[in-house]
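One structure is given below, encoded as structure tokens.
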2 protein chains.
Amino acid sequence: MTERQATIESTTGLRERKKQRTRDALLRVALELFTTQGYEHTTVDEIADAVEVSQRTFFRYFASKEEVAFAVQEMVESHFVAELLARPPEEGPFAAMRNAVLGSWNTIGEAIEAVVPVELHMRTYRMIESTPALLAAHLRRSTDLEERIAGIVAEREELDLDADPRPRVAVAAFTGVMRVAGRLWGQGEDASMESIRTLTELHLDHLGPALAAEWRTPARTPGAHTA
Amino acid sequence: MTERQATIESTTGLRERKKQRTRDALLRVALELFTTQGYEHTTVDEIADAVEVSQRTFFRYFASKEEVAFAVQEMVESHFVAELLARPPEEGPFAAMRNAVLGSWNTIGEAIEAVVPVELHMRTYRMIESTPALLAAHLRRSTDLEERIAGIVAEREELDLDADPRPRVAVAAFTGVMRVAGRLWGQGEDASMESIRTLTELHLDHLGPALAAEWRTPARTPGAHTA
DNA sequence: TGTCAACTGTCAGTGACTGACATTAGCTTG
DNA sequence: CAAGCTAATGTCAGTCACTGACAGTTGACA
């Protein structure tokens, strides 16, 4: 509860501002080193030295080496949740989740830029996807998020999360598909925002058709739902 | 490629048998300690000491403390893959995956028992689900498995994995739902095989309905697909 | 039986992380 | 503005997972 998440230099004391600067510096230096030399080849000492603080201080700002890698990601997730909560109740669960994702991407850029360059965050995301230890952490974090989303969906639909399996099932299917899109984006050449948007829509469009028993009709074209 | 996975004491030399016994002992002791004292409160030294080998030897059998926790899980997964490969080609992808899972559970017990008591494995699974670090590793391993399954599905349906998003999308949705069932089972009271089978079927049954736009019709009863 | 290769143990070292305690430096109050 | 409080930081020692190097042991096999 005492944590500040953005770089909003509120008119607080010098102490606060110093802390904020230290945190920002640690974060930026860490991501820069991670993305250039690789996560595993970067030691915490290296990060701390670059910012000229002790290793102990690093661990007072971030509970682990891992945590610093997900600092921005966490903002993105809150953004999505906020967007989902704002979706009109008439929308079905899938429409709401889909619109929340696509909608949150319209404004997320600025929010990120307040902390680190967007381009650095893109590189970070790709690094997470390609570093086993970080991918594992990412997936675990995602399950926490899923549970939150399931709760929101259940709320929207006025259902009891423990009695009706549909909220969790729907969210699991949705996020599963999102992850496939995210992973392919991370592996692909095109690191643009356009690219991930297209990939996401493409994959979400295929969720319905993929559940059909018969697949033998080719379905290469994005929008063409066969069946 | 040089690894043995089961406890089949083939008529090989004394050396091989000794190795097998050491591995089995390490595995069993490790799981026993993990499940009783907790994963994090168990050190590798403790395990090694209990088996009376050096810590170094432990790491020659298992690449990490984590790996030993997943040794049995790995068997279970291979079992599922084998079952999936054996499903008749007429079955749709979902039917095939579903039947493969449920089918593999018919015979998995004996396979497990050859290495460790089934009951110990059940406890281990629950421990994995409730230990953050292990859950993370589990999820990462699952993505590897998903990719394998997607390949098999694409093969079955004679599709190009890179051109058609449906295999990956279907697998993501399927395994996402499986994980929800698995997690709930791990959290619930009933640790029986019956229990997980029921939970799985229940959740898979709800995948189709959950994709529908309209949910307002209550769907509490397991088999009752509304809409 | 002797030789080779596979196992194993020992040792030293790295890197993430933690608790305890001393030190520094904003903030507050008289 | 000086004294005192307290949050932030530094230092140090220690634990634990994991690794490379090297030496000792012990099955396997001619």
Side-chain angles (χ1 to χ4, degrees), chain A residues 1-4 9-27 29-31 33-34 37-71 131-134 136-137 140, chain B residues 1-4 9-27 29-31 33-34 37-71 131-134 136-137 140:
Chain A
M1 286 296 179
T2 50
E3 293 280 320
R4 274 271 73 75
E9 301 230 342
S10 344
T11 330
T12 37
L14 168 61
R15 192 125 93 194
E16 281 295 303
R17 263 177 289 141
K18 265 194 169 178
K19 270 191 2 182
Q20 194 58 53
R21 253 181 290 149
T22 305
R23 199 193 129 94
D24 282 7
L26 283 172
L27 177 56
V29 166
L31 297 189
L33 289 175
F34 288 168
Q37 329 177 332
Y39 178 75
E40 261 123 22
H41 296 121
T42 305
T43 68
V44 173
D45 281 329
E46 234 176 316
I47 302 168
D49 286 353
V51 182
E52 291 182 302
V53 295
S54 69
Q55 194 214 48
R56 198 69 182 80
T57 294
F58 172 92
F59 283 113
R60 288 205 177 92
Y61 282 95
F62 300 97
S64 65
K65 182 181 166 186
E66 241 175 55
E67 194 179 291
V68 65
F70 292 104
T131 306
L134 290 181
R140 218 227 60 231
Chain B
M1 286 296 181
T2 50
E3 293 280 321
R4 274 272 69 79
E9 303 229 341
S10 344
T11 330
T12 37
L14 167 60
R15 203 179 237 156
E16 280 295 304
R17 266 178 287 141
K18 265 195 169 177
K19 271 191 1 183
Q20 194 59 52
R21 254 182 289 151
T22 306
R23 197 193 131 95
D24 281 6
L26 284 172
L27 177 55
V29 166
L31 297 189
L33 290 175
F34 288 167
Q37 329 178 331
Y39 178 75
E40 260 124 20
H41 296 121
T42 305
T43 67
V44 173
D45 282 329
E46 238 176 312
I47 302 168
D49 286 353
V51 183
E52 293 182 299
V53 295
S54 69
Q55 194 214 47
R56 198 66 183 85
T57 294
F58 172 93
F59 283 113
R60 289 206 176 93
Y61 281 94
F62 300 98
S64 65
K65 184 182 166 186
E66 244 176 50
E67 194 178 293
V68 66
F70 292 105
T131 306
L134 290 181
R140 218 225 61 229

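All values below were derived from every heavy atom in this structure, side-chain atoms included, with hydrogens, water molecules and symmetry-related copies excluded. Below, chains carry the letters A, B, ... as their sequence lines are ordered, and counting in each starts from 1.
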- Note on the structure: By nearest-heavy-atom nucleotide on DNA chain D, the more 5' of A:T57 and B:Y39 is A:T57

Using atom [atom1] of [X] as one end and atom [atom2] of [N] as the other, report the distance to the nearest whole Å.
X: B:R56; N: C:dA12; atom1: CZ; atom2: P; result: 15 Å
X: B:K18; N: C:dG9; atom1: NZ; atom2: C1'; result: 14 Å
X: B:D45; N: C:dG9; atom1: CG; atom2: P; result: 13 Å
X: B:R21; N: C:dT8; atom1: CZ; atom2: C1'; result: 15 Å
X: B:L26; N: C:dG9; atom1: CG; atom2: C1'; result: 14 Å
X: A:R60; N: C:dT18; atom1: CZ; atom2: P; result: 11 Å
X: A:K65; N: C:dG15; atom1: NZ; atom2: P; result: 9 Å
X: B:H41; N: C:dC17; atom1: NE2; atom2: P; result: 16 Å

Can you pull every protein N or O that's under 3.5 Å from an N or O on nucleotides 4-6 of chain C?
none

Got a sec, which residues hit side-chain contact (heavy atoms from CB on, under 4.5 Å) with [X], two or more places apart in sequence or on another chain?
X: A:S64; result: A:E66, A:E67
X: B:F58; result: B:L26, B:V44, B:I47, B:F62, B:V68
X: B:D49; result: none
X: B:A48; result: B:V53

- Query: If you round to the nearest 0.5 Å, how far is OG1 of B:T57 from CD of B:E52?
  - Reply: 12.5 Å

- Note on the structure: Separation between CZ (A:R60) and CD (A:Q55), nearest 0.5 Å, reads 11.0 Å

- Task: With sequence neighbours excluded, tell me which residues meet ring-ring contact (aromatic ring centres under 6.0 Å, His included) with A:Y39.
- Result: A:F34

Under the side-chain hydrogen bond (donor to acceptor under 3.5 Å, both in side chains) test, which residues partner [X], sequence neighbours left out?
X: A:T22; value: none
X: B:T131; value: none
X: B:E40; value: none

- Would you please confirm or rule out a distance under 4.0 Å between OP1 or OP2 of C:dC7 and any side-chain N or O of B:Y61? no

- Under 4.5 Å between any side-chain heavy atoms of B:R17 and B:Q20, yes or no? no

- Message: Heavy atoms within less than 4.0 Å of DNA chain D: which residues of residues 47-55 of chain A have one? Give them sorted by number.
- Response: A:E52, A:V53, A:S54

- Could you list where the contact with chain A starts and ends along DNA chain D, reading 5' to 3', using a 4.0 Å heavy-atom cut-off? D:dA7 to D:dT11

